[in-house]
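Model, not experiment: these values are computed from the prediction. We number each residue from 1, following the sequence as shown.
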Amino acid sequence: MRPAPTILHLDMDAFYASAEQAAKPSLRGKAVVVGGLGPRGVVATASYEARRLGVHSAMPTAQARRLAPNAAYLVPRFSLYRTVSEQVMGLLGRLSPLVEPLSLDEAFVDLEAGGTADDAASARATGEGLRAAIHAVTGLSGSVGLAGSKMLAKIASEQAKPDGLVLIEPGTERDLLAPLSVRVLPGVGPATGDHLRRAGMTTVHDLAEAGEAELVRLVGKAHGHGLHRMALGLDDRPVVAERDAKSVSVEDTFDVDLHDRVRVRAEVERLAVRCVERLRAADRSGRTVVLKVRRYDFSTLTRSETLRGPTDDPTVVREAAGRLLESVDTTGGVRLLGVGVTGLADFTQEDLFAQAADARELARRVVEEREPAGEDGGRESAPGPEPEEPPEPLAARRWPAGHDVHHEAHGHGWVQGSGVGRVTVRFEQPWSAPGRVLTFRVDDPRLLPADPLPLVREPPDYSSWPASLPKSRSGPDPAAGGLSSP
């Protein structure tokens, strides 16, 4: 524990949903749900307006629609969220060299290591300045917790939501923790929480009073020891700047179980390519390819293959995933597929091309062994080069709800919905008034997918920040169409 609250925890408020509200003036102040929209979709984030109706993260979208039938349901736009996250993490990096990102919208910062705070007053000023900077650069709000440990800083930011700052003064930790649920402590999930409840422990005060020996008896030595320390407000975990990812993976859940083996193979290959795109975006390579298959009965199978060296070659990963699929029985149907790469490295093996050629040669031999003989008793001749795929027909284009489009006559807009050969678009920009709604045929050649626009038209220059750190923040005027402030 530190004697000063110089560990900061930032948590962006309802990040995905808030970004969508900032990008779409017509949705500000309204219930917004971001996530999968199919029958098996799951809520990723709900705006505070939707949360008041009972919608929350990880809830099935079908249930959310029953609770909030008039909410706007949007497909995630991760390219936008990553861009905003990079802006926020850039601001955090100016406060300290020790920034520990936990996700796109959450991070710890060691203010003491950056020389930006050494007591409660300077920590509070830095936290308020950070909130002002984030709002100015991204148009979004974030909640800040300040304390002498990571655990308490995270608890403080949760209490600060939405759009606030809470600082826990040194010496007050025990009193603050005592009445809180045991679930606020790191490592106490639903199962452990229920186990402790059955033992008569529901608050942090109960854990502290029980003593270390009793907690060790209930949950084991390692967990019990750590749980008792945290119940006393003790947490010495440092802020770690480098949090190396151990794997990169992508997966999809299908609205209807897949039974066609050819379709399953095509989906695995598509996921493999997406996985490599993420791998390359992180400037990494990996040695082990992992295939995940969840079948119709919810049983989940994983298969893996370790290559001779790390790779970021899409052909190698795709063909390895295809070979792994051959060992999985998908007869009853598949509801989820995933492809991942583990054993990450910062370099790629020099013999990748040879490795890819070996994989292709192995695949060719397998195909030859399975091909029927030709009329002359020999093998059928190998096909020539495959023709280039024709461009996607305009009528086959998909228009995900919430995604950006551009019309040559009406400008930038976003998809409100599509179906029965039609797509409905609202034409507006983050800095405009709510726009008008028009409907087009899905194959209208003048309507094209577009990249997201920045949430702030002209963000201020923060190159000299935090030397020019603002001391206070005033939110946008709700009457002018800005985001609401608490």
Side-chain angles (χ1 to χ4, degrees), residues 1-3 5 7-11 14 42-46 48 51-60 63-64 67 100 102-103 105-108 143-162 164 166-240 243 246 294 297-300 302:
M1 288 290 298
R2 295 185 178 185
I7 292 182
L8 180 148
H9 181 260
L10 170 71
D11 195 352
V42 175
V43 174
T45 306
Y48 286 98
R51 294 181 189 188
R52 286 194 285 269
L53 299 175
V55 180
H56 57 77
S57 300
M59 170 183 286
Q63 181 181 354
L67 295 171
E100 182 178 340
L102 304 179
S103 62
D105 62 335
E106 186 180 2
F108 287 109
S143 296
V144 169
L146 292 158
S149 70
K150 291 169 70 173
M151 176 187 71
L152 291 168
K154 185 172 175 62
I155 291 173
S157 69
E158 188 65 31
Q159 293 186 345
K161 284 186 168 293
V166 168
L167 183 148
I168 299 178
E169 293 281 358
T172 66
E173 298 90 355
R174 290 285 300 275
D175 292 338
L176 180 141
L177 284 172
L180 300 181
S181 165
V182 296
R183 291 289 303 279
V184 305
L185 300 180
V188 181
T192 302
D194 189 57
H195 185 57
L196 293 171
R197 180 189 60 78
R198 289 197 299 270
M201 303 177 195
T202 58
T203 67
V204 176
H205 172 76
D206 296 334
L207 299 182
E209 289 296 308
E212 182 177 345
E214 177 64 11
L215 293 178
V216 167
R217 186 186 70 81
L218 286 171
V219 298
K221 184 175 182 180
H223 198 185
H225 174 71
L227 202 57
H228 186 250
R229 283 182 55 81
M230 288 187 291
L232 298 177
L234 304 176
D235 177 22
D236 298 325
R237 293 175 299 160
V239 176
V240 181
R243 289 173 55 90
K246 296 181 180 179
R294 181 166 296 151
D297 58 357
F298 287 90
S299 61
T300 302
T302 57

When you look at Val184 and Glu158, which way does the side-chain contact (heavy atoms from CB on, under 4.5 Å) test go after all the steps?
CA-CA 10 Å; Val184 305; Glu158 188 65 31; over 6 Å; no
Walk me through it: do Met201 and Leu227 pass the test side-chain contact (heavy atoms from CB on, under 4.5 Å)?
CA-CA 12 Å; Met201 303 177 195; Leu227 202 57; over 6 Å; no
Non-hydrogen atoms of [X] and [Y] that approach each other most closely:
X: Val216; Y: Lys221; result: CG1-CA, 3.6 Å
X: Thr45; Y: Ser57; result: CA-OG, 4.0 Å
X: Arg174; Y: Ala208; result: NH2-CB, 4.3 Å
X: Leu10; Y: Leu8; result: N-CD2, 3.8 Å
X: Ser143; Y: Ser157; result: CB-O, 3.7 Å
X: Glu100; Y: Val240; result: OE1-N, 2.8 Å

Enter the distance from [X]:[atom1] to [Y]:[atom2] here, rounded to the nearest 0.5 Å.
X: Asp236; Y: Arg2; atom1: CG; atom2: CZ; value: 10.5 Å
X: Met230; Y: His225; atom1: CE; atom2: NE2; value: 10.0 Å
X: Leu185; Y: Lys154; atom1: CG; atom2: NZ; value: 12.5 Å
X: Leu176; Y: Ile168; atom1: CG; atom2: CD1; value: 4.5 Å
X: Asp11; Y: Asp105; atom1: CG; atom2: CG; value: 5.5 Å
X: Met151; Y: Ile7; atom1: CE; atom2: CD1; value: 11.0 Å

Does the side-chain contact (heavy atoms from CB on, under 4.5 Å) test come out yes or no for Asp206 and Val182, once each step is laid out?
CA-CA 9 Å; Asp206 296 334; Val182 296; 5.8 Å; no
Residues in side-chain hydrogen bond (donor to acceptor under 3.5 Å, both in side chains) with Asp235, at least two apart?
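Here the qualifying residues are Arg237.
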Under the side-chain contact (heavy atoms from CB on, under 4.5 Å) rule, what do His56 and Arg51 come out as? Steps first, then yes or no, please.
CA-CA 6 Å; His56 57 77; Arg51 294 181 189 188; 5.7 Å; no
Given Leu196, Leu177, Leu232, the one that forms side-chain contact (heavy atoms from CB on, under 4.5 Å) with Leu207
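Exactly one option meets the side-chain contact (heavy atoms from CB on, under 4.5 Å) with Leu207, and it is Leu196.
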Are the side chain of His9 and the backbone N or O of Ala156 linked by a donor-acceptor pair below 3.5 Å?
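Between the backbone of Ala156 and the side chain of His9 there is no qualifying donor-acceptor contact (under 3.5 Å).
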I'd like to know if the side chain of Arg294 pairs up with that of Thr300 as donor and acceptor (distance under 3.5 Å, no hydrogens or angles considered).
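Side chains of Arg294 and Thr300: pair found under 3.5 Å.
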